[in-house]
Every structure is written in structure tokens, then in C-alpha cells.
Amino acid sequence: MISSISKALIRMGFKRLKRWINVLMLQDLSQGKPLELMKVALIRSKFAESIARNSSFNHKAEEVSMTGLFSLLDTMLGSTMKDALDGLAVSDDIYNALVYEEGELKPICDLVYYYEQANWAKVMEYSEIVNIDVKKLSRGYLAAIKWTADIFNTLY
């Protein structure tokens, strides 16, 4: 039985707590915007993390997840991505991928975007660049959709 907030936080674990804080922050930022924006950002976050964990980017899984989560921050805030990220403590890799569309994390961002667009030729190309078995992409994407649905069932 969990009898206090501190015990609940310890049981939840730091990574899960951090993820929930990010989800709640995103929910707050997307006030007045279509819920679809938040859904897509959450799907991107979990899908990108799945790609990282099943590829040569495993050591960057948390950063990749954050990149997906913040990928629509500019749209949610009605600003440029540079302005949206100013003041947030994000790594240079996340910043470069989202603001300058370059850097180490950019290939995963591209793979996520091409998968969303069903651009299968580019998905094949970028799955080789990222070094992931394309069979793992559909499982990761479906798991990301389910995870996002579970979050929305909890929040709404």
C-alpha cells in the first residue's frame, strides 16, 4: 500500500516520473490547441524512443524521446522552434535537431516523419542509416499509439 506521495514517487521511479512531468507540461502548453497535437507529440516521443532502443542510438534513447516530445512545441506555442526551446534545458543534440534540422539525432527525426507520411522509400533509406530492422518499426509505432491512448485514458 502506498501511503504517501514520497513513497509513490519512489515506487514510480525517476524516469517514469520525469516522463509524466513532461506529459503534464505538454498538456499545459497545448491548452487551447487541438488534442491531436499532443497525441502526435506523444506518439513521436515513444516511437522515436523505440527506434533508439532498437538501433545504434540506444545510448541516446532518452534524448531521442525528448526530441519527439518537443517536435511540435513551436506549433503548440505559435512561435518558432528556436523561441519555443529558449529557456528550456535541452541538450545541444535536441536543440540542433529541432532548430537547425541537423546533428546526430536528425536521422531519427527524419525516420519518424517519413514513417508518419508513409514515405516507404525514405523509411527504408533512413532505417539503414539508423541501423534498425524495419520490422521493428511497425511494432514500435503501434506500441507508441497504444501507450499514448493509455495516457489519454488516464488524463481525460
Side-chain angles (χ1 to χ4, degrees), residues 9 12-120 122-123 125-127 129-132 136-156:
L9 294 177
M12 180 182 268
F14 181 70
K15 283 187 178 182
R16 283 185 62 200
L17 175 63
K18 186 175 174 183
R19 184 176 297 270
W20 269 106
I21 289 170
N22 287 326
V23 167
L24 294 173
M25 178 198 68
L26 192 64
Q27 179 188 25
D28 187 54
L29 291 174
S30 63
Q31 292 290 330
K33 300 286 184 178
L35 285 178
E36 279 306 307
L37 285 176
M38 186 174 161
K39 285 181 184 178
V40 171
L42 291 172
I43 290 169
R44 284 180 179 178
S45 174
K46 194 66 170 174
F47 183 44
E49 179 183 358
S50 173
I51 292 170
R53 295 215 183 276
N54 289 288
S55 73
S56 58
F57 286 84
N58 188 36
H59 65 289
K60 295 272 189 178
E62 200 168 313
E63 275 185 291
V64 169
S65 176
M66 293 296 293
T67 304
L69 187 69
F70 291 150
S71 65
L72 291 170
L73 199 57
D74 56 340
T75 305
M76 289 179 186
L77 296 175
S79 68
T80 66
M81 185 60 79
K82 184 178 184 326
D83 288 342
L85 290 177
D86 278 351
L88 290 179
V90 297
S91 71
D92 289 342
D93 286 339
I94 294 171
Y95 192 87
N96 289 334
L98 294 176
V99 174
Y100 299 118
E101 298 183 6
E102 63 184 26
E104 186 179 7
L105 304 183
K106 182 65 171 124
I108 291 184
C109 293
D110 289 340
L111 181 54
V112 168
Y113 301 149
Y114 289 133
Y115 197 89
E116 287 176 343
Q117 298 164 5
N119 186 335
W120 305 123
K122 288 290 190 180
V123 166
E125 177 184 340
Y126 277 83
S127 63
I129 292 169
V130 171
N131 193 26
I132 186 170
K136 293 184 179 181
L137 293 176
S138 62
R139 286 191 293 263
Y141 194 70
L142 292 174
I145 291 171
K146 182 186 180 319
W147 178 80
T148 300
D150 290 345
I151 286 176
F152 268 73
N153 288 336
T154 301
L155 293 176
Y156 300 101

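Residue indices begin at 1 and follow the sequence shown. Small disclaimer: the values here were computed from a predicted structure and weren't measured.
Rounded to the nearest 0.5 angstrom, Leu73 CG and Leu85 CG are separated by 6.0 Å. The CZ atom of Arg139 lies 8.0 Å from the CG atom of Asn54; values are rounded to the nearest 0.5 Å. For the atom pair NZ (Lys82) and OH (Tyr95), the distance works out to 3.5 Å, reported to the nearest 0.5 Å. Rounding to the nearest 0.5 angstrom, the gap separating the CD1 atom in Ile129 from the OG atom in Ser55 is 12.0 Å. The CG atom of Asp110 sits 11.0 Å away from the CG atom of Leu105 when rounded to the nearest 0.5 Å. Note that CE of Met81 and CZ of Phe70 are 10.0 Å apart. Values are rounded to the nearest 0.5 Å.
Proximity of the aromatic rings of Trp120 and Tyr115 is defined here by a centroid distance below 6.0 angstrom, and this criterion is met.
Panel note: side chain Ser50, backbone Lys46; no donor-acceptor pair is recorded below 3.5 Å. Ser45 places no side-chain N or O within 3.5 Å of a backbone atom of Gly68 that could act as its donor or acceptor partner. For Ser65 (side chain) and Ala61 (main-chain N/O), no donor-acceptor pair under 3.5 Å exists by modelled atom type.
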Item to complete: Determine, step by step, whether Leu88 and Ile94 satisfy the side-chain contact (heavy atoms from CB on, under 4.5 Å) criterion, reporting the C-alpha distance in whole Å, the side-chain angles of both residues, the deciding distance to 0.1 Å, and the verdict.
Response: CA-CA 11 Å; Leu88 290 179; Ile94 294 171; over 6 Å; no
Discussion item. Between Val40 and Leu72, is the side-chain contact (heavy atoms from CB on, under 4.5 Å) condition met? List the steps.
Written reply: CA-CA 8 Å; Val40 171; Leu72 291 170; 3.6 Å; yes
Discussion item. Show, in sequence, the C-alpha distance, side-chain angles and deciding distance for Arg44 and Tyr113, and conclude whether the side-chain contact (heavy atoms from CB on, under 4.5 Å) test is met.
Written reply: CA-CA 9 Å; Arg44 284 180 179 178; Tyr113 301 149; 3.5 Å; yes
Fill in: Pair Ile108-Thr67, side-chain contact (heavy atoms from CB on, under 4.5 Å): steps then yes or no
CA-CA 9 Å; Ile108 291 184; Thr67 304; over 6 Å; no
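Residues Leu111 and Ile51 have side chains in contact (heavy-atom distance under 4.5 Å, counting atoms from C-beta outward). You'll find the side chain of Glu63 stays beyond 4.5 Å of the side chain of Phe57, heavy atoms only. Glu49 places none of its side-chain heavy atoms less than 4.5 Å from the side chain of Val64. Side-chain contact check for Thr80 versus Asp74: every heavy-atom pair is 4.5 Å or farther apart.
Minimum interatomic distance between Leu98 and Ser71 (heavy atoms only, all atoms of both residues): CD2-CA, 3.9 Å. Residues Glu104 and His59 come closest through the heavy atom pair OE2-NE2, 3.8 Å. Closest approach of Thr148 to Lys39, counting heavy atoms only: CG2-O, 3.8 Å. Of all the heavy atoms in Ala41 and Leu69, the pair that sits closest is CB-O, 3.5 Å.
Taking the six-membered ring where the residue is Trp, Tyr141 and Phe47 present perpendicular rings, their angle passing 60° and hence far from 30°.
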